[in-house]
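Worksheet for the structure shown next.
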Amino acid sequence: MADKILEYLIFELDGLGESTYEVDDPIGDDFSVDVPEELMRDDLPFPDVPEVEVVRHYTRLSQLNFSVDTGFYPLGSCTMKYNPKIHEHVASDARFAMLHPYQPDEDVQGALAVMYHLSELLQEITGMDAISLHPAAGAHGELTGTFIARAYFRHKGETQRHIAIIPDSAHGTNPASAAMAGFDVIEVKSNEKGQVDMDALREIVGKYGDEIAIIMLTNPNTLGVFEENILEIAELIHGVGGLLYYDGANLNGILGMARPGDMGFDIVHLNLHKTFSAPHGGGGPGSGPIGVKEHLKDFLPVPTVIYDEESGMFKLNYDIPHSIGRMRMFHANFLVLLKSYMYIISLGGEGLRQVGRLAVLNANYLAAKVKKYFPIPYGELYKHEFVATGKVLKDQGVKTLDIAKRLIDFGVHPPTIYFPLIVSEALMIEPTETETKYNLDMYAAALETIFREAHENPEMLHSAPNNAPIGRLDDVKAVKQLKVVYTEEE
Amino acid sequence: MNFPENLFYSEEHEWVEKIGPKKVRVGITDHAQSELGDIVFVELPEIGKELTAGDTLAVVESVKSAADVYSPVSGKVIEVNEELNDRPELINEDPYGDGWIAVLELEDPSELDNLMTADEYKRMIGEE
C-alpha cells in the first residue's frame, strides 16, 4: 500500500508541459533596484505544467477527500450537518461576495441589515442582551469572552479574581482561552452521571471565594449530558461575584428548547458554522459570535451594527465605552453570517426547535443500537451526542484507534476519538438531525461488524483502513518528521 | 504490565524512586504510558524550579493527547532527562529506566509516606 502513488505532487508534474506558458519580465531593463547581490537569483523553481493537467491534478485530489457531501460524518462535537446548497447559491451572488469592507456604510446597507437582524435573532435564540458577530470561530469567541470577563473585573477594580473553573470533561480550548486571558485554571471533576460534581464545586467556591472570575461550561456537555444543576451552579458562582461562560459548541442539542441566558450565563459563544449550518472543517471558515448580558454590553469588541432611527440607516458603531477593542481585521466572516441568517429565517422558530428535537432523537436512536456492543459510561438519555467506549475490546488487543480506522472502510467518517478525556478509549458520536434512519442503521451495523471482527480477526483491524486510498498512517512519524515543504533532492 | 516493588506510586500515575536520603527520581508509570500511546514530545522543567506536590512537573504529548505530569512530592528540580528532547519514545520503551523525567531534591522525605506501594497502585488501576 505504501508504495502505491495515488497522485504526484504538482512539483513532480514539472516537465509534463512544453513550456506552454511564458512570463514576461515584469520589471524590464529600465528598472533598477538596490537589491544586495547575494539575494539575487536567476532561477525560480516553479512547476511547468499545462493548464489542463493542473485542473486534473486538483480535481483528482478533491475526489480523494471525504466530506458531508460524500458520506455520513458523525464527528462528535463538530456538528457536521448537511449544509443547504441554496445558501451557497445566495452567498456566491456578487452583491454579497464582492463587497469590500472599506465600502462606506451607505453602500452596504443590505449587508449591515443582515448583520443587525442576525444579531437580534441570536439574542432571541440565546436569551442574551447584546451580540458581537466579530469572532472568527468558536475558540476565538472564547478568547473574546474571557477578555471581556477580564476587562469587566478590571473595570470594577476586582483584579484579585484570577480563577477560571473548568470541568474535566471540557473542550481543551476552554482552559487554553482562560489561560490566554491570564486566568489560572482550576479543574472541577465530574460525578457518576457525567455532570459537574456539586460537592467538588462547592469546595472550590468555598476555598477561592472572590478570587473566582469565571466558570466555563458546555451545556449539554461533551458527554451529550445536560447539566441538571445549572441553576444551582449559577447561584453559587454569582453568589461570590463570578461570571458564567457558556461554550456554545453543543447548542444544537437544546436548540429552541432551552436558552443559556435563562440558565444564568453571562457570556455565550455560538458556533454558527455548526448549529446554524455553514460548511466547516476544511469546507470553509467558522464564525463564533458572542452574546452577553446587559452588565457586559459596554465591553464588547468594536464595531457592532446599530440602526440609526433618524437617518433610517444601519451603521457600524465604534462608540462602545469600555470596549476590549478589535479582535480581528474588519467585521466578521460575513458570508458565514449570511448563511446562518438564511438558515434561521427559512426554518423559523418551530423549524429550529425541530432541528434540536431530531438531533436528540437521532443521537438516542443510534446510542441504543451502539451500546449493545460498546457501552456508554455516562448518561441514560443524551442530547445531540453520546460517548461510547472501545475498552471492551481490550482483551482482543483492539483499540479505539483501530475501530475508527476500520470505519473508514465502510465509507463513513469515524467519530471523534479519545475525547473527552474522562472516558477511556472514547468514541464520541454526533449523528446530527440531517441523517436518515438508513444511515444510522448502517453505522450501527458497521460498528457491530467491527465488534465481531475484533473477536475473529483482530489483525485485520490493526492494519485498517484496508479499502481506503491510503492505508494506516504512521502518526508518530507524522508528528516528529512533519514535512510540508517540497524539496527537490528528496 | 510492570510495577516494580521498590517504587512509590501516585494517584496521577507517576512513580518515585528514592535514590538518596533526600533525592528522588520521578517518571510516569507503565500504565500511564500505555494509556497515552506513542509519546512524541516532552516539555521538561527547568533545573532549580521549586515545586509543591501536585504542581505541574512536565508535559507529555502523545499522538492522542497532551497530559500534565504532576510532581508527586515537594522539592527542587536538580536534574532532568535531556535525552527525552530527542527521544521522547524512551518513556514508552522503558518508563522506569531510560524514560525517567527528573530528579528532585526532597523538601520533606516523609511526604513519600503519602504515596502508594506497587500493590496499592495496581489495585487502584484495577490490574489485580
Side-chain angles (χ1 to χ4, degrees), chain A residues 76-77 166 168-176 178-179 184-187 189 200 203-204 207 222 377 387 389-395 397-405 414-428 462 472-483, chain B residues 1-2 10-14 28-44 49 51-71 82-95 98-99 121-128:
Chain A
S77 212
I166 297 176
D168 56 8
S169 63
H171 294 113
T173 46
N174 290 176
D184 295 317
V185 174
I186 301 267
E187 188 176 276
K189 64 176 171 39
E203 201 184 313
I204 292 170
K207 185 173 171 194
T222 59
V387 181
T389 174
K391 210 167 62 181
V392 281
L393 297 180
K394 196 179 170 193
D395 290 344
V398 170
K399 298 195 159 189
T400 283
L401 181 69
D402 302 316
I403 301 168
K405 295 292 186 190
T416 297
I417 57 172
Y418 299 117
F419 181 82
L421 303 175
I422 57 172
V423 175
S424 80
E425 299 293 313
L427 290 152
M428 187 194 210
H462 292 147
R472 181 77 63 102
L473 297 174
D474 185 340
D475 286 346
V476 178
K477 198 174 174 195
V479 174
K480 290 174 73 178
Q481 295 174 26
L482 183 66
K483 232 191 281 175
Chain B
M1 224 170 266
N2 172 25
S10 75
E11 279 181 22
E12 305 282 356
H13 312 290
E14 292 89 16
I28 66 170
T29 66
D30 199 8
H31 171 73
Q33 70 78 18
S34 147
E35 284 290 306
L36 280 165
D38 293 314
I39 290 167
V40 292
F41 178 73
V42 183
E43 190 183 311
L44 295 166
K49 190 173 178 188
L51 296 162
T52 307
D55 285 354
T56 301
L57 170 74
V59 182
V60 174
E61 263 182 59
S62 73
V63 288
K64 284 196 321 209
S65 70
D68 283 343
V69 178
Y70 301 104
S71 186
E82 303 275 359
E83 192 72 20
L84 294 177
N85 288 329
D86 295 327
R87 298 186 59 205
E89 65 273 19
L90 287 175
I91 293 182
N92 295 118
E93 290 165 7
D94 190 7
D98 293 342
Y121 180 70
K122 274 193 264 186
R123 224 169 294 135
M124 187 191 90
I125 58 170
E127 278 287 309
E128 247 183 12

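The structure displayed is predicted, hence computed values, not measured ones. Below, chain A is the first sequence line, B the second, and so on; all start at residue 1.
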Discussion item. Is it true that A:His171 and A:Ser77 share a donor-acceptor pair across their side chains at a distance under 3.5 Å?
Written reply: yes
Fill in: Geometric class of the B:Tyr121/B:His13 ring pair [parallel <30°, tilted 30-60°, perpendicular >60°]
perpendicular
Worksheet item: Under 4.0 Å between a Lys/Arg side-chain N and an Asp/Glu carboxylate O for A:Asp402 and A:Arg472?
Response: yes
Fill in: B:Glu35 with B:Lys64: basic N within carboxylate O range, under 4.0 Å
no
Discussion item. Shorter than 4.5 Å, heavy atoms on both sides: which option in B:Asp38, B:Val63, B:Ile39 has the most such pairs with chain A?
Written reply: B:Val63
Worksheet item: Does any heavy atom of chain B fall under 4.5 Å from the side chain of A:Ile417, the backbone, both, or neither of them?
Response: neither
Discussion item. Given heavy-atom pairs under 4.5 angstrom as the criterion, report whether the side chain, backbone, both or neither of A:Lys391 touches chain B.
Written reply: neither
